[in-house]
Amino acid sequence: MKLAIIGTGYVGLVTGACFADVGHQVTCVDNDTQKVALLQAGGIPIYEPGLAELVRKNVAAGRLRFTTSIAEGVAASEIIFIAVPTPPQPDGSVDMSFIEKVAREIAGALTSYKIVVDKSTVPVKTGDKVAETIERYSRSRVDFDVVSNPEFLREGFAVEDLMHPDRIVVGVRSPRPVPAMKAVYAPFQAPIIVTDINSAELIKHASNSFLALKISYINAVSAICEATGANVQQVANGMGLDARIGRRFLNAGLGFGGSCFPKDLSAFIKISEQVGYDFRLLKEVQRINVEQMERFVKKITETLWVLKDKTIGVLGLAFKQNTDDVRSSPAIDLCQRLLGGGARLRVHDPKAMDKARALLPNVTYVDDMNEVAAGCDALVIATEWDEFKQLDLARARDQLSAPILFDGRNLFDPDEMAQLGWIYKSVGR
Ligand code: UDX
């Protein structure tokens with residue numbers, strides 16, 4: 001099928017590349033001329049495992065191309081996917097200006113029946129607004145359909161999630177666009193659930209808020225584990241074997257971050273407020289997330305006694321593993337808190353150091369994870385990168401003034417670390 005994707009961020013670019021890879025003809029549109037030039041030249045603006053190869057392969061096969069012109073994308077396609085940012089505003093509500101602008105431009109470019117699909121995470125009832133906007137600004141009375149098709153990919157696993165989705169949600173106002181939407185997703189062999197538009201939009205906010213709730217729940221349990229000598233990983237394993245609960249998203253740590261959970265929680269709380277419901281449960285999820293970080297910082301300050309003028313090595317800056325994304329990263333938050341307490345930092349991340357520089361200008365960036373501990377008083381693990389499990393512990397011990405490791409992601413075994421002579425503090429164990 002002929003598809004256009006408007007917006008080449010994490011969602012748009014990965015979606016475009018995967019659609020092309022299963023055989024669709026894809027035009028990716030972005031108003032950032034530099035980004036489009038980079039993509040046209042074979043470059044990739046973000047780090048995402050498998051993405052560069054996928055883009056290269058499908059550009060070469062002639063199934064994927066990039067342009068700055070929405071009109072060109074609309075003219076070339078049967079279905080137009082909107083995947084532009086919906087950033088948070090200071091009051092927690094969502095900035096819908098990018099969606100509105102794109103809807104207006106699509107309206108201006110419509111000359112025949114098209115399906116306009118929203119992929120961005122948006123407040124419930126956005127579909128109605130998009131339809132209204134297209135009607136208002138189209139030059140002629142052209143027929144179109146608006147569809148909600150939320151994206152559930154995780155950064156760092158985006159290609160895998162898109163190629164093997166748990167489910168595809170298609171929210172529609174009439175049955176007309178359903179066969180075309182099913183044809184787009186037929187190669188992915190996932191269950192397709194067709195709903196009304198409002199429900200589809202709600203599925204996204206309700207799912208992300210539920211996953212954040214799951215993380216805050218286990219983080220709250222981790223506080224009880226610490227107070228009682230229990231082990232949160234054993235508790236999570238025992239809980240997770242109950243098929244009704246499931247083990248995934250039950251890893252205690254420094255709390256959730258990233259460009260989705262914090263924003264989507266705030267948005268869902270705001271949307272609920274606007275329709276007259278005080279979603280206190282979700283406010284508590286937010287509170288636990290802040291407290292989790294505060295408890296970890298307290299653990300560091302109490303152990304080190306004095307933070308001022310200590311040098312601390314921090315492993316991890318990205319908001320989670322497999323990404324270079326530092327937006328709302330708990331690791332960055334932690335670094336800023338340690339700097340605020342007067343510590344000096346030596347930091348390392350396998351992929352996110354470039355993006356972190358703007359947020360953390362006054363720290364020392366170290367290219368080799370095994371050099372971070374040199375001259376430090378303690379080490380901290382802030383992101384769950386797998387490679388940190390391969391850290392040369394013997395060498396780190398020699399480099400540190402005392403063998404102290406604060407593990408915010410529970411990567412090592414507490415008993416083994418104790419046997420090796422480490423003062424080892426993790427989360428909920
Ligand atoms: C999330 C949703 O998973 C995805 O479906 C949605 O489309 C976008 O938002 P993403 O933000 O990329 O994806 O990352 P995710 O893997 O969900 O992790 C979010 C945060 O939760 C990270 O900071 C991660 O470290 C944290 N997390 C996750 C935990 O602390 N514990 C866990 O068990 C799982």
Side-chain angles (χ1 to χ4, degrees), residues 9-12 14-15 46-49 51 83 85-86 88 118-122 149-162 164-169 190 200-201 203-222 232-233 235-237 239-240 245-268 285-286 288-293 295-296 316-334 349 352 381-386 388 407-411 426-428:
Y10 279 95
V11 170
V14 181
T15 305
I46 50 171
Y47 171 74
E48 188 63 45
L51 182 61
T86 48
D118 174 57
K119 254 204 176 303
S120 306
T121 302
V122 294
N149 173 219
E151 184 47 65
F152 298 99
L153 59 81
R154 294 163 301 161
E155 286 181 27
F157 301 90
V159 173
E160 191 188 313
D161 285 352
L162 225 137
H164 309 284
D166 288 343
R167 80 302 206 183
I168 306 291
V169 175
E201 290 166 342
I203 285 170
K204 177 63 189 260
H205 270 137
S207 299
N208 272 2
S209 298
F210 189 81
L211 291 168
L213 179 146
K214 223 177 152 182
I215 298 169
S216 274
Y217 185 83
I218 202 67
N219 282 337
V221 170
S222 80
V232 75
Q233 277 175 321
V235 174
N237 290 344
M239 287 171 64
I245 298 174
R247 178 63 180 82
R248 295 176 72 192
F249 281 69
L250 280 183
N251 292 322
L254 295 181
F256 55 80
S259 63
C260 292
F261 284 175
K263 172 192 102 163
D264 292 352
L265 261 183
S266 302
F268 201 26
V285 169
Q286 290 180 316
I288 293 169
N289 203 45
V290 174
E291 269 181 16
Q292 190 71 359
M293 175 60 76
R295 288 195 314 110
F296 193 73
L317 298 167
F319 84 93
K320 62 170 195 179
Q321 67 163 330
N322 279 349
T323 181
D324 61 350
D325 197 347
V326 292
R327 288 176 291 173
S328 300
S329 170
I332 301 279
D333 180 13
L334 176 62
D349 189 281
I381 295 174
T383 308
E384 63 272 37
W385 282 97
D386 255 350
F388 294 160
D407 183 354
R409 298 296 180 175
N410 290 349
L411 298 188
S426 53
V427 179

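Start at 1 and go down the list; that is how both ligands and their atoms are numbered. The residues of the chain are indexed from 1 along the displayed sequence.
Remark: distances from the non-hydrogen atoms of C260 to ligand 1 include one below 4.0 Å. In this structure, R409 is part of the shell of residues with a heavy atom less than 4.0 angstrom from ligand 1. Heavy atoms of G257 come nearer than 4.0 angstrom to ligand 1 in at least one pair. Residue E384 places a heavy atom under 4.0 Å from ligand 1. Ligand 1 has no atom lying under 4.0 Å from any heavy atom of K214.
Some N or O of F152 is nearer than 3.5 Å to an N or O of ligand 1, by distance alone. In terms of polar-atom proximity, E155 is counted as a contact of ligand 1, with an N or O under 3.5 Å from an N or O of the ligand. For the pair R154 and ligand 1, the shortest N or O to N or O distance does not fall below 3.5 Å.
Rounding to the nearest 0.5 Å places CD of Q292 at 8.0 Å from OG of S216.
Of the candidates L211, D161, I215, I215 brings a heavy atom nearest to atom 29 (C) of ligand 1.
In this structure, the side chains of R154 and N322 stay at 4.5 Å or more apart for every pair of heavy atoms. A heavy-atom distance below 4.5 Å is not found between the side chains of S266 and P88. Side-chain contact between N289 and F261 is absent, with no heavy atoms from C-beta onward closer than 4.5 Å. When side chains are defined from C-beta on, K204 does not count as touching C260, because their heavy atoms never get closer than 4.5 Å. For the pair V232/I218, a side-chain contact is recorded, criterion being any heavy-atom separation below 4.5 Å from C-beta on.
Residue contacts with ligand 1, taken as heavy atom pairs separated by less than 4.0 Å, involve L250 solely via the backbone atoms N, CA, C and O. Proximity of Q321 to ligand 1, defined as any heavy-atom pair under 4.0 Å, is not found for any part of the residue. At a 4.0 Å heavy-atom cut-off, ligand 1 touches F261 through the side chain alone. Here N251 has heavy atoms under 4.0 Å from ligand 1 in both its backbone and its side chain. When non-hydrogen atoms are compared, ligand 1 lies under 4.0 Å from the side chain of N208 (C-beta onward) but not from its backbone.
By the 6.0 Å contact criterion, CZ on F157 is enclosed, its count of non-hydrogen atoms from other residues, nucleotides or ligands being greater than 12.
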**Prompt:** Under the side-chain contact (heavy atoms from CB on, under 4.5 Å) criterion, do D325 and K320 qualify, and how do the steps go?
**Reply:** CA-CA 8 Å; D325 197 347; K320 62 170 195 179; over 6 Å; no
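Remark: E160 pairs with no residue by the salt bridge (Lys or Arg N to Asp or Glu O under 4.0 Å) rule, at least two apart or across chains. Listed by chain and number, the residues in a ring-ring contact (aromatic ring centres under 6.0 Å, His included) with Y10 amount to none (sequence neighbours excluded).
Looking only at distances, no side-chain donor or acceptor of S426 sits under 3.5 Å from a matching main-chain atom of D407.
Interface of E151 with ligand 1, defined as ligand atoms under 4.0 Å from a residue heavy atom, comprises 7 (O). Of all atoms in ligand 1, numbered sequentially from 1 with element shown, those under 4.0 Å from a heavy atom of K204 are 7 (O).
F249 CD2, 3.5 Å is the protein heavy atom nearest to atom 34 (C) of ligand 1. Nearest to atom 15 (P) of ligand 1 among the protein's heavy atoms is K320 NZ, 3.5 Å.
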